[in-house]
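Just so we're clear, the structure is a prediction, and the values are computed from it rather than from any experiment. Hydrogens, waters and symmetry mates play no part in the numbers below; they use all other heavy atoms, side chains included.
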Amino acid sequence: MKTHAIIPVFIPHKGCPNDCVFCNQKAITARSDDVTPEDVKRTIETYLPTLRNRGLKTIEIAFFGGSFTGIPMDEQSAFLEVAAEYKRAGLIDKIHMSTRPDYIDESILDNLLKYDADIIELGVQSFDPEVLAASNRGHTVEDVYRACRLIKEYGFELGIQLMIGLPGDSMQKCIFSAREAVRLAPSIARLYPTIVLNDTELYNMYKNGSYEPLTTDRAVEITKEMYKILDDAGINIIRVGLKSTDLITEGGEIQGHTYHPAFRQLVEGQIAREQLEEQLVIQLQKDPDCCSFTFASSGNSFSNMIGNAKRNRLYFEKKYPQLKIRYKTDSTLEDGYYTVVKY
């Protein structure tokens, strides 16, 4: 049962004068109008009735869509005051925002403390200087390290967002970024494969041949390795891939073939396949004549075990046609763990 809910408040492109090559805030947030404190209150009042009596442990108000701490301080305070009123009344539990590493300093964090904010997510994207420069991020790796240090020193919960397949990127650079993120010990992380949106510089680069988007398979392969690094370190990976909207769909606002509406399941399905095949190979080495096996997972992980569009089931049928494999749930297994036993 879901125990955590987010009330999203989108502040499209506010506070961010920088134009990263991949960014089309209108497409990402599906809105372009200015947001007022009254809008924030209306959004909260719309969501709250749907969240009551659902046994939720945590309800967050989250400011997304732009660089929240880059907007004028009086505007930040006006938005935060609305959120803080609901938190003081016990109607929400946490105040959450996303921003850029170069829009974090002591005065900003002092103000966030004043309004009892909780979580700051940084759009880090990469720890490689060349990738940041090629993506026109407008900040340095040193800005990232400094911002993370300050956020943790002030006692806020740290989140790190990483992107896969930016200009100048590689598997090695992505793995390095994941390992650096672990070293900085955020509590939450997001992994986003780069999507080529219309009306962006990246779209122009794609059309003129100076940028080649990752294929879905390659994006899954790289993201899978980053996911394992973060997950093994105990970091809560709260999103993998962009959320599907009416605008972000193949043939609509994006180009290339990286976007997939079930990208997280593709990644977690690949991890499940690896675990299953490693155990299967060991079993076959011990008993080459055995031809009947049971693959098991928790109920929550069953769809990953089968794979998106039955990818894993079809993979094992094709690669091991001599075997009989049945799939079942096992309530004793933790989510994300799989077993292979003979029957």
Chemist: What closest approach, in Å, do H4 and I6 show between heavy atoms, and which atom pair accounts for it?
Modeler: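 Looking at all heavy atoms of both residues, the shortest contact is NE2-CG1, 4.1 Å.
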Chemist: Which value, rounded to the nearest 0.5 Å, describes the distance between S67 atom OG and L122 atom CG?
Modeler: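 Separation between the atoms: 10.0 Å.
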Chemist: According to ring pair (Phe, Tyr, Trp, His ring centres under 6.0 Å), does anything in residues 127-163 pair up with another residue at least two apart or in another chain? List the pairs.
Modeler: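 Ring pair (Phe, Tyr, Trp, His ring centres under 6.0 Å) check on residues 127-163 returns F127-Y145.
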Chemist: Which word best sums up how the rings of F10 and F64 line up, parallel for under 30°, tilted for 30 to 60°, or perpendicular for over 60°?
Modeler: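 The rings of F10 and F64 sit tilted, inter-plane angle from 30° to 60°.
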Chemist: Can you give me the closest heavy-atom contact between A189 and L230, atom names plus distance?
Modeler: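 Shortest heavy-atom separation between A189 and L230 comes out as CB-CD1, 4.1 Å.
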Chemist: Within a strict 4.5 Å, meaning less than it, do heavy atoms of the K152 and L184 side chains meet?
Modeler: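 A side-chain contact under 4.5 Å is absent here.
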Chemist: Within the structure provided, determine whether E277 and K319 are in side-chain contact (heavy-atom separation under 4.5 Å).
Modeler: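 SC-SC contact between E277 and K319 confirmed.
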Chemist: Does a salt bridge link R42 with D39, judged by any charged N lying under 4.0 Å from a carboxylate O?
Modeler: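 Yes.
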Chemist: Mark yes when over 12 heavy atoms from residues, nucleotides or ligands other than N53 sit less than 6.0 Å from its CG; otherwise mark no.
Modeler: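 Result for CG/N53: open.
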Chemist: So F63 and V40, do their side chains get closer than 4.5 Å, heavy atoms only?
Modeler: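 Yes, close enough: below the 4.5 Å cut-off.
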Chemist: Which other residues belong to the hydrophobic cluster containing Y327, where Ile, Leu, Val, Met, Phe, Trp and Tyr are joined when side-chain heavy atoms lie under 4.5 Å apart, directly or via other members?
Modeler: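 Grouped by the 4.5 Å side-chain rule, L276, L280, V281, L284, F293, F295, F302, M305, I306, Y315, F316, Y320, L323, I325, Y338, V340 form the rest of the cluster around Y327.
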Chemist: Sequence neighbours left out, what pairs pass ring pair (Phe, Tyr, Trp, His ring centres under 6.0 Å) with at least one residue falling in residues 214-241?
Modeler: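 For residues 214-241: none.
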Chemist: Please collect all ring pair (Phe, Tyr, Trp, His ring centres under 6.0 Å) contacts where either partner lies in residues 169-219, sequence neighbours excluded, each pair once.
Modeler: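 Qualifying pairs, neighbours excluded: none.
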Chemist: What residues, two or more places apart in sequence or in another chain, satisfy side-chain contact (heavy atoms from CB on, under 4.5 Å) together with D118?
Modeler: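 Listed in chain order: K87, K94, I95.
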Chemist: Excluding sequence neighbours, so at least two apart, what forms salt bridge (charged side-chain N to carboxylate O under 4.0 Å, His left out) with E201?
Modeler: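 By the salt bridge (charged side-chain N to carboxylate O under 4.0 Å, His left out) rule, E201 matches no residue at all.
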Chemist: Find the distance between CZ (F68) and CG (L80) and round it off to the nearest 0.5 Å.
Modeler: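 Going from CZ on F68 over to CG on L80, the span is 4.0 Å.
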Chemist: Applying side-chain contact (heavy atoms from CB on, under 4.5 Å), can you list everything that pairs with A78, at least two apart in sequence or on another chain?
Modeler: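 Partners of A78 under the side-chain contact (heavy atoms from CB on, under 4.5 Å) test: P37.
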Chemist: Measure the CZ-CE distance between R179 and M226 for me, rounded to the nearest 0.5 Å.
Modeler: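 Result: 11.0 Å between the selected atoms.
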Chemist: Go through the structure and list residues passing salt bridge (charged side-chain N to carboxylate O under 4.0 Å, His left out) with E153, not counting sequence neighbours.
Modeler: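 Listed in chain order: R149.
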Chemist: Closest heavy-atom contact between N304 and N312?
Modeler: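 So the minimum-distance heavy-atom pair works out to O-ND2, 3.1 Å.
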Chemist: Considering only Ile, Leu, Val, Met, Phe, Trp and Tyr, and joining two whenever side-chain heavy atoms are under 4.5 Å apart, list the other residues clustered with L314.
Modeler: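 The other cluster members (ILVMFWY side chains, heavy atoms under 4.5 Å, direct or chained): none.
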Chemist: Please identify each residue that fulfils salt bridge (charged side-chain N to carboxylate O under 4.0 Å, His left out) with E180, with sequence neighbours left out.
Modeler: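 Scan of E180 (salt bridge (charged side-chain N to carboxylate O under 4.0 Å, His left out), adjacent residues dropped) gives R183.
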Chemist: Using atom types as modelled, flag every donor-acceptor pair under 3.5 Å from a side chain in residues 231-238 to any protein atom, sequence neighbours excluded.
Modeler:
none

Chemist: Do Q270 and E221 touch side chain to side chain, with heavy atoms closer than 4.5 Å?
Modeler: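 Q270 vs E221: side chains apart.
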Chemist: Sequence neighbours left out, what passes side-chain contact (heavy atoms from CB on, under 4.5 Å) with D93? Give chain and number order.
Modeler: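 In terms of side-chain contact (heavy atoms from CB on, under 4.5 Å), with neighbours along the sequence ignored, D93 is linked to T58, I59.
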Chemist: If you define the side chain from C-beta out and look only at heavy atoms, does anything of S126 sit under 4.5 Å from S177?
Modeler: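 Side chain of S126 against side chain of S177, heavy atoms only: contact under 4.5 Å found.
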Chemist: Do I108 and M73 touch side chain to side chain, with heavy atoms closer than 4.5 Å?
Modeler: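 A side-chain contact exists here, since the closest heavy-atom pair is under 4.5 Å.
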Chemist: If we only count heavy atoms from C-beta on, is the R137 to R100 side-chain gap below 4.5 Å?
Modeler: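 Yes, their side chains come closer than 4.5 Å.
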Chemist: Answer whether the closest heavy-atom distance between the side chains of T140 and L132 falls below 4.5 Å.
Modeler: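 No, every pair of side-chain atoms sits at 4.5 Å or beyond.
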